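Computed from a predicted structure; not experimentally measured.
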Amino acid sequence: MSKPRVLVSGATGFLGPSVVAALQNVAKVITLARKHADVCADLASPGATAAAVAAAAPDYVLHLAAMARMIDCERDPAMAQRLNADAPGEIAVGFGPRFVLVSTDLVFDGCRAPYAPLDLPMPLSEYGMSKAAGERQVLAAGGRVVRLPLLFGRDAKGRGATGMIRAAIEQGQPVTLFTNEYRTPLHVVDAAAALRQELFAERGPRIVHLAGPERLSRWELGNLLCARHGLPRALLVPVESQASNRPRDVSLVGTFRPERDLAAMLADA
Ligand SMILES: NC(=O)c1ccc[n+]([C@@H]2O[C@H](COP(=O)([O-])OP(=O)(O)OC[C@H]3O[C@@H](n4cnc5c(N)ncnc54)[C@H](OP(=O)(O)O)[C@@H]3O)[C@@H](O)[C@H]2O)c1
């Protein structure tokens, strides 16, 4: 039997390469990004990306591409809406449950954690609002949604929660870490393996949460990382977030249980 064709958008980002690696043996992977991908397309152009995806004729679409930084979304909310909501809504049409949108714990307001998949999104930030709008569009088109928590793991470009800390320490720069924002962080490799499983479970729940093994602040995560690898903690700077658009606790719950515990994930971060 031939392997299913899986289009992975956002393949060049932090999460994308781990997802491509996880799928490589079980699927014919077609990557999509603006450059350095099998299909080069810009989600900003209405219709163009949906047409490019359709031309690639995938059996499944795993949609990671997004304006994924909060600060970018605050600067350009209209573009956030376009990239994070309208574009996935357009691409999802016709794929039904074979389209999976990767979303975020930041669709919640942080006041009623832990959040289960059917809890009502109440986003505080432009990023969260645009991703929640994307979820609604994708669900309306018959697609599915997988929400991820804060991701961490090794990254040569210093992306992800621990990659950013390592990069700062290597450059001798202080790194500020919130003490009063809690999430359920997950290693990017474990997230990718779980996404592969969810992608092919098209008869499963339409909204899924992939929570990491423990509820942690970025400050706690940074200290655990340094302790695990003998990195100096002097450059870690604890700060209390005061921003009204940053939720205080978006811990997720669901049926997913990662195979590795936090210690094993941190050893690989
Ligand atoms: N990282 C986290 O902690 C985290 C947590 C929860 C959920 N998520 C979700 O996971 C997904 C992946 O996140 P990430 O951290 O890997 O993001 P990232 O590193 O910022 O990567 C974003 C990806 O989207 C592509 N992209 C951005 N703008 C595009 C456009 N206009 N047209 C086509 N492609 C575009 C980028 O490719 P080019 O720029 O090369 O075109 C890149 O491949 C996102 O949906 C995000 O909301 C991430």
Side-chain angles (χ1 to χ4, degrees), residues 1-68 72-73 76-104 107 127 129-148 191-208 210:
M1 210 171 73
S2 62
K3 290 178 180 173
R5 293 168 64 80
V6 175
L7 187 134
V8 178
S9 74
T12 57
F14 172 52
L15 172 60
S18 296
V19 167
V20 171
L23 285 166
Q24 213 62 262
N25 290 336
V26 294
K28 163 79 182 102
V29 178
I30 306 154
T31 58
L32 183 146
R34 280 172 293 191
K35 48 189 184 308
H36 309 305
D38 299 324
V39 177
C40 293
D42 190 342
L43 299 179
S45 322
T49 312
V53 171
D59 300 307
Y60 295 85
V61 177
L62 187 48
H63 188 73
L64 276 53
M67 183 182 268
D72 294 336
C73 298
D76 193 347
M79 186 56 80
Q81 168 72 27
R82 167 71 216 145
L83 299 183
N84 295 350
D86 300 341
E90 286 167 9
I91 302 168
V93 172
F95 285 99
R98 290 173 294 109
F99 182 98
V100 170
L101 173 72
V102 172
S103 191
T104 170
V107 297
Y127 172 62
M129 282 186 258
S130 64
K131 292 292 285 189
E135 292 185 357
R136 290 193 297 275
Q137 293 205 27
V138 165
L139 291 169
R144 290 179 290 140
V145 168
V146 178
R147 295 194 186 112
L148 299 181
L195 282 170
R196 177 189 59 204
Q197 185 132 348
E198 291 303 333
L199 180 65
F200 299 124
E202 57 209 78
R203 293 202 178 87
R206 298 190 61 207
I207 306 177
V208 168
L210 300 181

* To do: Please report the C-alpha distance between Leu7 and Leu62 in whole Å, then the side-chain angles of each, then the deciding distance to 0.1 Å, and finally whether the side-chain contact (heavy atoms from CB on, under 4.5 Å) criterion is met.
  => CA-CA 6 Å; Leu7 187 134; Leu62 187 48; over 6 Å; no
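- Val26 approaches Pro4 most closely through the heavy-atom pair O-CD, 3.4 Å.
- For the pair Ser9 (side chain) and Leu64 (backbone), a donor-acceptor distance under 3.5 Å is present.
- With contacts defined as side-chain heavy-atom distances shorter than 4.5 Å, the pair Arg206/Leu139 qualifies.
- For Thr12 against Lys35, the heavy-atom pair with the smallest separation is CG2-O, 3.8 Å.
- The heavy-atom pair separating Val138 from Ala92 by the smallest distance is CG2-CB, 4.3 Å.
- Of the possible donor and acceptor atoms, none in the side chain of Asp72 sits under 3.5 Å from a partner among the backbone N and O of Met67.
- Residues meeting the ring pair (Phe, Tyr, Trp, His ring centres under 6.0 Å) test with Phe99, sequence neighbours left out: His63.
- Residues satisfying the side-chain contact (heavy atoms from CB on, under 4.5 Å) test with Ala51, not counting sequence neighbours, are none.
- Two residues are said to be in side-chain contact when any heavy atoms from C-beta on lie closer than 4.5 Å; Val39 and Ile30 meet this criterion.
- Remark: Asp38 engages Thr31 in a side-chain hydrogen bond (donor to acceptor under 3.5 Å, both in side chains) (not counting sequence neighbours).
- A 4.5 Å side-chain heavy-atom check between Leu43 and Ile91 finds at least one atom pair inside the cut-off.
- For Pro97, the side-chain contact (heavy atoms from CB on, under 4.5 Å) partners are Arg144, Glu202, not counting sequence neighbours.
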*Please test Val8 against Leu23 for side-chain contact (heavy atoms from CB on, under 4.5 Å), starting from the C-alpha separation and ending with a verdict.*
CA-CA 10 Å; Val8 178; Leu23 285 166; 3.7 Å; yes
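- More than 12 heavy atoms of other residues, nucleotides or ligands shown are found within 6.0 angstrom of CD on Gln24.
- Residues forming a side-chain hydrogen bond (donor to acceptor under 3.5 Å, both in side chains) with Ser130 (at least two apart in sequence, or on another chain): Asn84.
- For Val93, the side-chain contact (heavy atoms from CB on, under 4.5 Å) test picks out Ala141, with sequence neighbours left out.
- When the side-chain contact (heavy atoms from CB on, under 4.5 Å) test is applied to Arg136, the partners found at least two apart in sequence or on another chain are Ala132, Ala133.
- No donor-acceptor pair under 3.5 Å is formed between the side chain of Arg34 and the backbone N or O of Ala41.
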Margin query: Using side-chain contact (heavy atoms from CB on, under 4.5 Å), reason through Val208 and Val145 one step at a time and then give a plain yes or no.
Written below: CA-CA 6 Å; Val208 168; Val145 168; over 6 Å; no
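- Applying the side-chain hydrogen bond (donor to acceptor under 3.5 Å, both in side chains) test to Gln137 and every residue at least two apart in sequence or in another chain returns Asp86.
- Residues Pro88 and Leu101 approach most closely at CB-CD1, 3.9 Å, considering heavy atoms.
- With Ser103 contributing its side chain and Val146 its backbone, the two residues share no donor-acceptor pair below 3.5 Å.
- Shown here are the salt bridge (Lys or Arg N to Asp or Glu O under 4.0 Å) partners of Arg82, two or more places apart in sequence or in another chain: Glu90.
- The list of ring pair (Phe, Tyr, Trp, His ring centres under 6.0 Å) pairs with a residue in residues 2-35, not counting sequence neighbours, is empty.
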Step by step, would you call Val102 with Leu15 a side-chain contact (heavy atoms from CB on, under 4.5 Å)? CA-CA 10 Å; Val102 172; Leu15 172 60; 4.3 Å; yes
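- Proximity of a side-chain donor or acceptor of Lys28 to a complementary backbone N or O of Ser2 within less than 3.5 Å is not detected.
- Sorted by first and then second residue, the side-chain hydrogen bond (donor to acceptor under 3.5 Å, both in side chains) pairs involving residues 40-53 (not counting sequence neighbours) form an empty list.
- Closest non-hydrogen pair, Pro58 versus Phe95, comes out as O-CE2, 3.5 Å.
- Annotation for Leu83 and Ala44: closest pair CD2-N, 3.5 Å, computed over non-hydrogen atoms.
- Evaluation of the salt bridge (Lys or Arg N to Asp or Glu O under 4.0 Å) rule for Arg147 yields Glu135 as partners, not counting sequence neighbours.
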